[in-house]
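First the proteins, then the strands, lettered A, B, ... as listed; each starts at 1.
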Amino acid sequence: MEPLPRSFYDRDTPLVARDLLGAHLVRTLPGPGRRQLIGRIVETEAYLGPADAASHARAGRTARTEVMFGPLGHAYVYFTYGMHWMLNVVARRNEPAGAVLLRSVEPLAGLESMRQRRTGLPDKELTNGPAKLCQALAVTGALNGLDLCDAAGPLYVAPRSPPSDPLVAIGSRIGIRNVSEPWRSLPLRFWIEHNRFVSR
DNA sequence: AGCACGATTAACT
DNA sequence: GTTAATCGTGCTC
């Protein structure tokens, strides 16, 4: 399947976050089988440039944030809470940095492999959170900086199919309670209404 | 060199 | 509803 073109990510970060809803996240596992795990993106958040107090980019250009200042459509994968990985896609326009956090996907293919990685948990908890989907799809820091516009690579993003627009709900971002206003309350979280794999 | 805290999760009362 | 787990990052001294 064709990946979303790099130009898709060359727009205001919130627009990209909204339009990623329904798109497919395709993870090709290493090894002879090249088994594919697929998740439909159902929840995202936009993180803007250095002015955004909730974004890691607030620290400016550092070793950690470097990817967010780099080429569009690449993966920003970071480690947090001493145990979790989070996956973002670099997207921005007229901003020095910007990325979309993928918060939840709906499992479409490779469920057996996801269950293996998420042992003992019910299917509805497989990928309904940013760290959960990384664990289910075997996304770690090894994929940081990866080009997500390359379908031959281990991870890429494909357009939604069918291409019809999903019903989108909008709210404030999660997990940033210590962040100053207005950043804490900006409507930068997007999810597909009524989807059962949205977090919370 | 030390420290506070985090774009979270799972388990618990 | 609360809390432990667990460590990289950025900031202060």
Got a sec: does the CD of A/E2 have more than 12 other heavy atoms crowding it under 6.0 Å?
no
Starting from [atom2] on [N], measure out to [atom1] on [X] and report it in whole angstrom.
| X | N | atom1 | atom2 | answer |
| --- | --- | --- | --- | --- |
| A/Y76 | C/dT9 | OH | P | 9 Å |
| A/R64 | B/dG6 | CZ | P | 11 Å |
| A/H84 | B/dC5 | NE2 | C1' | 14 Å |
| A/M86 | B/dA7 | CE | P | 8 Å |
| A/I174 | B/dA7 | CD1 | C1' | 10 Å |
| A/M83 | B/dA10 | CE | P | 11 Å |
| A/Y78 | C/dC7 | OH | P | 18 Å |
| A/N128 | B/dT8 | CG | C1' | 12 Å |

Considering Watson-Crick and G-U wobble pairs with both distances under 3.5 Å, what does B/dA7 pair with?
none
With side-chain contact (heavy atoms from CB on, under 4.5 Å) as the criterion, how do A/V198 and A/R189 come out once you've worked through the C-alpha distance, each side chain's angles and the decisive distance to 0.1 Å?
CA-CA 11 Å; A/V198 171; A/R189 174 174 175 243; 3.7 Å; yes
A/H56 side chain to A/Y76 side chain, donor-acceptor N/O pair below 3.5 angstrom
yes
Side chains of A/E106 and A/T127: any donor to acceptor distance under 3.5 Å?
no
Using a heavy-atom cut-off of 4.0 Å across all strands, would you classify [X] as base, sugar-phosphate, or nothing?
| X | answer |
| --- | --- |
| A/T62 | sugar-phosphate |
| A/L101 | base |
| A/R200 | nothing |
| A/A54 | base |

Taking B/dC5 as the reference, what is the distance to C/dT3 when you measure between their P atoms (whole Å, please)?
16 Å
Look at A/R189 and B/dA7 and indicate whether a side-chain polar atom (N or O) is within less than 4.0 Å of OP1 or OP2.
no
Please determine if a side-chain N or O atom of A/N178 lies less than 4.0 Å away from the OP1 or OP2 oxygen of B/dG6.
yes
Would you give the length of the straight line joining atom CG of A/L48 to atom CH2 of A/W183, rounded to the nearest 0.5 angstrom?
6.0 Å
Is there aromatic stacking of A/F79 on C/dG8 here, judged by a ring-centre distance under 5.5 Å and a plane angle under 30°?
no
